[in-house]
Structures are given as C-alpha cells and as structure tokens.
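Structure, as structure tokens:
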Amino acid sequence: MSGSSTTGRFAPLAEGATRAPDEAERAVLERWREREVFRSVAAARAEGEVFVFWEGPPTANGRPGIHHVMARTIKDAICRYQTMRGRRVERKAGWDTHGLPVELEVEKALGISGRPEIEAYGVGPFNERCRESVWTYRREWEQLSERIAYWLDYDDPYVTYDADYVESVWHILARFHDAGLVYRGQRVVPYCGRCGTGLSSHEIGQPGVYQDVEDPSVTLRFRLAEQAGGEPESLLAWTTTPWTLPSNFALAVHPAHEYVRARVPLGEDGGSEIVWVVAERAATVLGESFEELERRRGSELAGTAYEPLFELGEPFLLPPSESVDHQARHRVVLADYVTTEDGTGIVHQAPYGADDWALATRLGIPTVLGVGPHGRFVRPVGPVEEGTPFKEADAPLTADLERRGLLFASARATHSYPHCWRCDTPLYYFPTPAWYVRTTAYKQRMIDYNRRCNWVPPQVGEGRFGDWLENNIDWNISRDRFWGTPLPFWVCEGCDAERAVGSVADLERLAGTLPEGFDNHKPLIDEVTIGCEACGATMRRTHAVVDCWFDSGAMPYAQYHWPFGDSRALVREQFPASAIAEGLDQTRGWFYSLLAIGAFLAEEDEDLEPGLVYRNCIVNGLVLDKDGVKMSKRLGNIVDPWEAIAEHGADALRWTMLAAGSPWLPRRFDPDAVLEVRRRFFGTLANSYRFFAEYARIDGFDPEDVRIPPAAERSEIDRWLLSRAQTLIATVVECMDAFDLTGTCRAVETFVVDELSNWYIRRNRRRFWKGETGADKLAAFASLHEALRSAVLVTAPIAPFLAEQLWACLAGDGSSVHGELIESAGGSRVDVELEASMAVVVRVVEMGRALRERAGARTRQPLRGIHVRCCDPDDLELLRGAFASAQVFDELNVKGWASLEMDDGELCTLRAKPEFRTLGKRLGPLMKAAGGVIAALPAEDVARLRDGGEVEIEVEGRLVTLGPGDVRPTVEVHAPFDVETDGRFVCALDLELDEDLVAEGLAREAVSRVNGLRRESGLALEQRIHLRLWGEGEGISKALSAHAELIGAETLAAELSTAAEALDGTVWAEWTVGEGEVLRASLVAAEPRS
RNA sequence: GGGCCUGUAGCUCAGCUGGUUAGAGCGUCCGCCUGAUAAGCGGGAGGUCCGUGGUUCAAAUCCACGCAGGCCCA
C-alpha cells in the first residue's frame, strides 16, 4: 500500500487514507487477502466461546443496492465486535438461489415467457440456465460484500440449490410429513390461463397489472327454495363475473347489516315479486317503487336455502376441511367481508376468490368447477360449450339467465381488474392444489419461542411479528414452478396414498434405481416413481417445488447438510443463533421461516436445544433517498453502492449508516452526511494520529521505554485521558452487547472529537514539542498512544479499513486490529473524581469563553482573573484543586481566580429548586404550592439544606419538612456587570488591564505574527531562526523587552535582537498591533544546530 | 379496512421508565487559531416538541381522538 514505503511503528498515515479512501481501502483488502487475515483471525479464536451468527442468504436475483450495504454493515459490525471480544464466530456465506425471480430473469434472457414456452424450451435446459444465472449475481454480491469488508467465508458458502442442501430440506420436509403436519389442500391464486401458471403476489404488484376494463354488471334472482306465497321470492346478488355463476355454492350476507324484504313490480304486465336486498342499497337497486315488507339482520338469514342458477353435477371439488357438508351448499352464509359499497349486500360465492374459498373451507362446503386450469370451461354449462374461454361465457350465460327470468338487472361497469403482466390476459382466481404445513398446530409454541427472543427494536417482535404469529395460518409451501427444491412427496395414482422421501439414498432404495445424471432437481426427479406399498400402483412425485422461504428457513441445518455426514455436532453447536440481523421486510420472510421450521424441529430432534431459534434479532429499516423517497428504478433515485464507495470509501458509508439514527427507522441516504462523517470523525481521528506520529517519530518514542512513568504517576490530564478512554471501552461494550450500534458510534465520536482531539491534544500540544524527552513528555506520548490505541480498537468493528490502517501504523508489527481483543474495562484507570473535576472545568471554561466573546476580549490577551461563585461545595472543592485551577487559567488565559467562593450574596443569591422527582411523589397535590415556597426560600435555609440540614416550610397550612435531597441549590444572579451562569456557577471576568497584562498581550500578539511569518516563509517546524523585532510606540517596545524570552522560545528564535533595522537577506513584515502601535519583524533561518 | 412505526430548530436526528433552562451535528451569523494546516476551534441567533382533548401536583414523554407521512398485510 502507499504507506508501505515508510514502514514500522508510527509510520505516517498515508494521505490517501482520508483523501482517497477507495484506493486506500482496496490496498487494505489486498493486504488482507495476501496475509489471509480473515482466516488467521478466525483460527486464533478456535478455542473461544461460540457466538452463533447466521447469514440470511441474499436472493441472488438482482444487484445489491445501497440498502444492502447497511444490512451487511450491521451484520459485519456485530461479528467483528464479537470476534474482538474473544468469541469464535462462524461466518458462513450463503446464497438463496431458487425461486421465481431467477426463473423470470432466465425467461427474459431466453426471450421466452410463460409455462408453455418454458416447457417447449425444455425444463432440463431451462433449469440449467437458472443454475448458471444465479452466478452472475453471486459474483457481484461477493464483490460488493468483500469491498465493504463484510467478512464471510465465501469459499465455502451454502447454496440452496446444492444437492446436499436440497437433501437436507427433503429431510426436514419428511420430518414434517411424518409428524402429520403436511396436508394437501387448494389455494386460490391469481391464474393466467394462457401462461398456464399462477402468479405470485410479487407479480401482481407489478405496474400495469390492474387495468380498468368494462365488464357486465348483472344482478340476479336466486329463488328461495321455499316459496312462501303466490309471488316469487328471491335473493338479489350482484356480480361482474357471470362466468363464475355456474360454480356458485353460497350467498354471503353480513351478520350485522339489515336486509329488507321488499315487493317490487314485476315487468310491465302488472304483477309483482318479492326480493331481498341490504337496506342501505335498496333504493339504488330497486328504484323508488318498492314496498318494504320486513327487515331482518343478516344473521337471521343464515341458512336460508335457495335454488342454484345452474346444476353442474359431479365431480365436486372438496375443500380441505375436516368435515365436508353437502347439505351446506346453496344456502345463505355469514361473512364479515360483505360490504354495502356496491351490489346488493348479498354476495355470490364461487371458488374463484380467496375469501370465497376460505369460507368454503371453513364451512366445509363442496363446490363444482365450471372453469378449469386453462381458463376454459371444463364441462358444458347451459349454452356454453366445454372449452370456451371463461370471458367468452359472460354473454351467453347472461342471455340464458335472462331467458329463464333470473336476470334482475343488467348493465356494464368499469372496474379495475388484474391482467397477466406478461401477456395481458385477464387473470382469474382459481383454486389450485397446494401443499400445506400445519403451522397452526404449533402456533403457541412459535409464540413462546418468539417471546424469548430479544428484538431490536422490541416493537417489531411484540407488535408486527407477534400479531402476525397470533393470526398465523397454515403455511402453503408448494409452488407450481420449475426451479426450486422439488417437494419430496410421492402420491399413489391408485389409492392416493402419500409418501415423503427424506434422502437420496431412501429414494434410490424405494425406486430401485435413479436416472442417469440425477441431481434432485426437476425434471429428472419427476421420472422417479415408487411402487405403492398399499395398493401396488405407481406413486408419482407431486409436480410442485417448495416455497424458497422454506429453503432459507432451513439454512441452520441445511448449511451443514444436517443430519447427514458429520453435521450433527456442528448443528448442535450452531443452534440456536446468538443473533441474526436483517431488514424489516424479513418479518414475514426469513424471520418467520426460521421460526416455523425451528420451533418444530427443536422439539423433534435432540441435536437442537429447544426454547428458541434465535436469541437476538436485529432489524433494520428501509433506506430512502436524501429526500425521504423510496429508491426505485422508475424514479432513477437509486444510489449505486459502487459509486458511493468510489467517492467516499466503504468505511464512511458504514459509519454514516449506523451513526445517523436508529437503524430500524426508514433511513435517508444523504451524501452530505457521509462527507460530514469523513471530515468530522475520520478526519479528526486520522489527524490525531498524524499529530502523535509526527512527534513520536521525531523523538523516537517507544511505548516499551522503561522510563515511561506508570499511569498512576502521570499528571492529572494524562490520567483523565486514560480514564476517559477506559470509560469509552466500557460504554462501547455495553452498547455493542445490546446491539446498539448507533450508541457505539456516538460514544466513539464524542471521545475522539471532543475529548481526545479538541481537549487533550489541543491542551497538551506543547508537551510534545517542547524541551527534552523527559518523564513528562514520555507520559504525554504514552497517554496519547494508549488513548489512540483504545479509540482505534473500538472503531474497528464499524470502520474496519481506517482502523486497520491506523493500527498498522500504531503497532507497526504487521498485526491486524481485527485480531485484537477489546478488553472489558476493569475500572483500574477510571478516576471518577478526575472526570468530575474536568467536567467542572469544561463548564467554567465554556462560560468564560462566552464572557470573553461578549466583552471582545480575545484569548490572546491575558486577564487578571475570573470570578466564580458555586452553589455546591463539592464543585468548589473540585475547582480549588490545583489541577482544575490550572486548566481553567490556562484555557481561559487568566492569571488566577479573581475570586472563587460559595455564593456570598453579592453577585448572586443562593436559591433552591425543588427536586420534583423526590418531592412530587411525597407531596402530590401540594407540589405546586410547595414549589413556590421553595423558590422563595431564603439563602440561609438553602445553605442549611445544602449542608445536610433540614428545613420546615409551610405549604397551604401544612408543615412540610425538607431534607437535603429535596432541593437542588441554584443561583439567582444580580450582578451590575456581565456574568454568565448555568444555575450551578456564576462567572464573571476581571477585564481590567494593567501595564503588565497589556505588555504580555502584545508579546503574544508578536509571537502569533512572527509564527505566521515563519509559516508564510515555508520554514520547517523545527527550523530555528534569527529574529529581529522592533516596535514604534512605548507599549510595544516595553512588551518586546519584557517578554523577550517568551517570544524567543515561542518562535524558536536562536537569536533575538531589537535593533530598528532589518537583517540582511531576510523576510520581513510589519503589523499594526494594540492601540495603533506598529510592530516590525525581520527573520532569517539560523544555521542548523546553531 | 387491519397491524406497526414516524412527526422535536432551516435540514438530519437525539431526548420519551412523566420532573421544570428541550439537546447534538449540519446550515446560518459573528469571531478565533495557524507547530495536526487543501485542517481545526469558539460564540450567537434559531423551537406553538403535528393538532385537540384527557390523566397528573407536573406531559415532548402516558392515554384517547384527529391530521400528515412511511412500512407490512388485506
């Protein structure tokens, strides 16, 4: 890498590390690769406690986007951290390779579309293409994952299409089957007759699927089976799909709605009839001339029998219900989904709707299919011949009903109807055979398992996922597709017996022999038949493949080819997961499939520890663009991760993603935020190291130097830094253990930017460049070195590249930061009092700075003192300490305390604020009045309370005893000049200057000007100079002579003269300083080592 | 239609086991530094905490109902 020319300890950090991060990070990657760092770090943890991480396999069906950077960063940061805590983390990569999206991609590539065309192309070659297609994306995913330092074992990934993986899935499916939890049913899916395939919800979500079309809108008479009087009596039902009428099996009404029985005129010849319709729609449906005879709730109509419009006869399509009730056909049923927005409030039920089908299943109502799998009539119905496409039956059926007097009203209506996104054919909903896992049988167990899981954030687990589990329905695991794990279920042609096959060996045994080239995918597997043990007929495999969520949910076991080979011990160790981390969209996806499979298997097999499937589940939200809009190809607002990385590097993306807000909320991706992270945090951390390294090299600092004073013997400021560094590590450990990555980032940023850089380094710079290498300098070096080391350690899980580069420089021994240990803070260096002391200093300094700013007194001008009043004796004591005092004086450039006392009634008066937290509970309704009394408490009383005494007050006639914890002392300011207060301290500056102060101010001014000149002249840092200074005016001249030593030292002047004449061949300049006085300077480089 | 989430400074977000000066970063204005320098630092201004009711001595925080947005499901 670029920095390798200067190797060894404290080498300069390459410029590129912060300026050209892409290049610098690639160099780190190269080094990791060369030295096999990933492997050697893992090897070093071979004996460590196990932290079980499961990689949710990305679907290898599309390019990774910027949101994947976020998800993968979270996973990587967790694993890196755990590794740095000494744990052994198996990080096996995985790829989800089956499924519809892959098929669609291949169809597109081949220029074919739909089932018939795939079959014409050949299922074997088609699946081969699928298998290859997956690789295109696998490569890109691997490259991006590697680039962002998502450390995984990509050499030995689990791949869901691998024969071993598929075999494990078979085993699990067979376990489900053998436990009696698998059954065959029907599932209503949107179906395209032309393509011969059901459409997934994803496909239904495609743009253009729902189109406005004009359809018949017909209202029909369903004659009551028992006609009461002379007039014909009917239930009116409305539909826009007359073709479904032959398959009508029930009429649904809403139990709570009111229905009217009305007499309406019948045609023009004067007769009348009686019809039922929901009250709310009566006027619309019946017009004005109707006579209301009675009203009933829908619930009262339940069970009313009516005459079917058509009689189709057998065979019946039986719903997967425990008891089928043939008597239930053609009756009124109750359904909550009935609305009164359109129609008659009486809804025609046919098996071409999901609601309808669910109802039929629930009530055990058999139905008859008019239209079959190809979108054509499978039997003649009235005027409609067998083979008629369903849409073409609307007109003749309507005409037939009209002829028979069953058509009440007819119109055309425009409504939104789904069409096939491939071929634009209108879809129809159709019950297709499907295989289910009876998850409802162990729903409660899933709920219990889920309760034991710690969700980050909790509301996803309790709310979103918890509710979903409460409403669990059986899992439809079959997909009528080509590229997937074939369902290992064989069904007998003769007696319909089922058999599940749990391994290839079993299959071979049962089938006798397997076809050549058998690979447990379609199509060859479909050629394998088994003799039925029961009846001797042939058993054939069901044609379906498994839902690919089942594949990924089986990953804890299938990734090791469980239970085959020597996988058992591994799975025993790697189950349950310590943590998984995925996007919110996985709630109903992977989070569910893991749980549904795990909650079953864990109670079944002794390899698995029952109780839960994953201990922690860390959820991240969507990544939006910088304006909060979801990224989509259509809007062109997708952020290409490669471009973002090229510009900012992966670390900056990683850090920004985690630091910018709670990860589970939708996140805006704002490039400016990335820039800010680079500048503020990365820049500061890198510069802090550069500062350290520059002087460490000059002085040849060696952290092993025996002369370095032990921590306990170093100055307060050093011990403060070490204390803060150790506190930081404790904070990071606490946050990371709770999977609070954002909190981690913030803690590290605060330490590095505010404490290490802007306080410690700024306040201690001089110690690094002044004088000889004595104990104090060594202590400064050692302290800064250790603080940097801590900062880099805790940065490493989240910004692995920068941390690695810094570590390389800090350690200089070729070791990787990712192999280091983050040691839990022992507290040995944490000095609470010192930290408190510094906190007080910071408060006073901030107030002092504000005062200086307002007074226009720049820091360079020394002031005689600062007045401080405290209302807490502890604060006073802290400030009086030599360390704190010195810090305040130096930082504010004041000579001392003008005064430092407790409140003396002069600048301010001691007051009390009620401590609501304790008092509120005790006083309740009296609190408000008590607040007033407390605020008016005289200073003596407050002082007594502060010093531990008690005070009695009267509140609304009642005596209340106040103790020390009941009030917080504060100050009320009444000073005649400018003061600053935060309620705890009151500060004021003594702004009066005497001659000496002015002189010193001028001298400092001179130093500043000369150093500016040095800089402009391009002199090296350590270059000594000959300096000549002379002033015009009494003040400046005095200042120069009085502070010659200071000026000389600060400007590295080997020689300082004051003659009013420039040195030969020198740089010179003049400035106006102070009250219109002129300062002139002239300087020349001194001979080296003069 | 249901579930969940979000609404706090111009922007991005903290705070939310109820407790009295509501915070940070960015931006903006003013200033500083110049031995970390194609950086850095300080100070100031800026807020009906979405709205309306309620509970409470006390509400940004809890509850209810709205409004707006998002995600998931129907």
### Message
If you apply the rule salt bridge (charged side-chain N to carboxylate O under 4.0 Å, His left out), what do you find for A:Arg763 with A:Asp890, and how did you get there?
### Response
CA-CA 9 Å; A:Arg763 294 211 41 69; A:Asp890 196 45; 2.8 Å; yes
### Message
Quick one, A:Arg767 with A:Ser783, criterion side chain to side chain donor-acceptor pair (under 3.5 Å). Give me CA distance, side-chain angles, the key distance, then yes/no.
### Response
CA-CA 12 Å; A:Arg767 294 170 68 196; A:Ser783 303; 6.0 Å; no
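Backbone-only contact: A:Glu846 has heavy atoms under 4.0 Å from sugar-phosphate atoms and none from a base. No contact: A:Gly621 has no heavy atom under 4.0 Å from any strand. Using a 4.0 Å heavy-atom distance criterion, A:Arg690 is classed as making no nucleic acid contact. A:Arg746 comes within 4.0 angstrom of the backbone, heavy atoms only, and of no base. At a threshold of 4.0 angstrom between heavy atoms, the contacts of A:Leu919 with the nucleic acid are absent. Nucleic acid contact for A:Gly1012: none, since no nucleic acid atom lies under 4.0 Å from a heavy atom of the residue. A:Ser688 comes within 4.0 angstrom of a nucleotide base, judged by non-hydrogen atoms across all strands.
Taking only distance into account, the side chain of A:Ser757 meets the base of B:A36 through a donor-acceptor pair shorter than 3.5 Å. Checked by distance alone, A:Glu853 brings a side-chain donor or acceptor within 3.5 Å of a matching partner on the base of B:G42.
The partner of B:A64 is B:U52, judged by Watson-Crick or G-U wobble contacts that both fall below 3.5 Å.
Taking atom CZ of A:Arg854 as the reference point, atom P of B:C30 lies 19 Å away to the nearest angstrom. Atom CG of A:Leu923 is separated from atom C1' of B:G19 by 13 Å (rounded to the nearest Å). The separation between A:Arg858 atom CZ and B:C30 atom C1' is 13 Å, rounded to whole Å. The CG-C1' distance, from A:Leu584 to B:G70, rounds to 11 Å in whole Å. Put simply, CH2 on A:Trp455 is 19 Å from P on B:G3, counting in whole angstrom units. Residue A:Leu806 contributes atom CG, which lies 18 Å from atom P of B:A36 at whole-angstrom precision. Between A:Arg763 atom CZ and B:C41 atom C1' there is a gap of 13 Å when expressed in whole angstrom units. Atoms CG (A:Asp754) and P (B:G23) sit 17 Å apart, rounded to a whole Å.
For A:Pro925, the listed nucleotide lying nearest its side chain is B:C57; candidates were B:G43, B:C57, B:G40. Ranking B:G44, B:C41, B:U20 by closeness to the A:Val753 side chain, first place goes to B:C41. When distances run from any side-chain atom of A:Tyr695 to the nucleotides B:G35, B:C57, B:G25, the shortest one goes to B:G35. The listed nucleotides are B:G43, B:G19, B:A36; the one nearest the side chain of A:Trp769 is B:A36. Nearest nucleotide to the side chain of A:Phe916, out of B:C41, B:G25, B:U20: B:U20. With distances taken from any side-chain atom of A:Asn687 to the nucleotides B:A36, B:C41, B:G35, the minimum falls on B:A36.
In this structure, the ring of A:Trp468 has its center no less than 6.0 angstrom from the ring center of A:Phe591.
Note: A:Phe10 and A:Phe701 have parallel aromatic rings, judged against thresholds of 30 and 60 degrees for the angle between ring planes.
Around CG of A:Leu959, the count of heavy atoms belonging to other residues, nucleotides or ligands within 6.0 Å exceeds 12. Atom CZ of A:Arg958 is surrounded by 12 or fewer heavy atoms from other residues, nucleotides or ligands within 6.0 Å.
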Just distance, no hydrogens or angles: give the donor-acceptor pairs under 3.5 Å from side chains in residues 841-849 of chain A, sequence neighbours left out.
residue  : atom : partner  : partner atom : Å
A:Arg843 : NE   : A:Asp982 : OD2          : 2.7
A:Arg843 : NH2  : A:Asp982 : OD2          : 2.5
A:Arg849 : NH1  : A:Glu891 : OE2          : 3.0

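Between the side chain of A:Arg654 and the main chain of A:Ile798, a donor-acceptor pair closer than 3.5 Å is present.
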Short N/O separations, protein against nucleotides 6-9 of chain B, under 3.5 angstrom:
none

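Atom CD in A:Glu749 sits 9.5 Å away from atom CG in A:Asp754 (nearest 0.5 Å).
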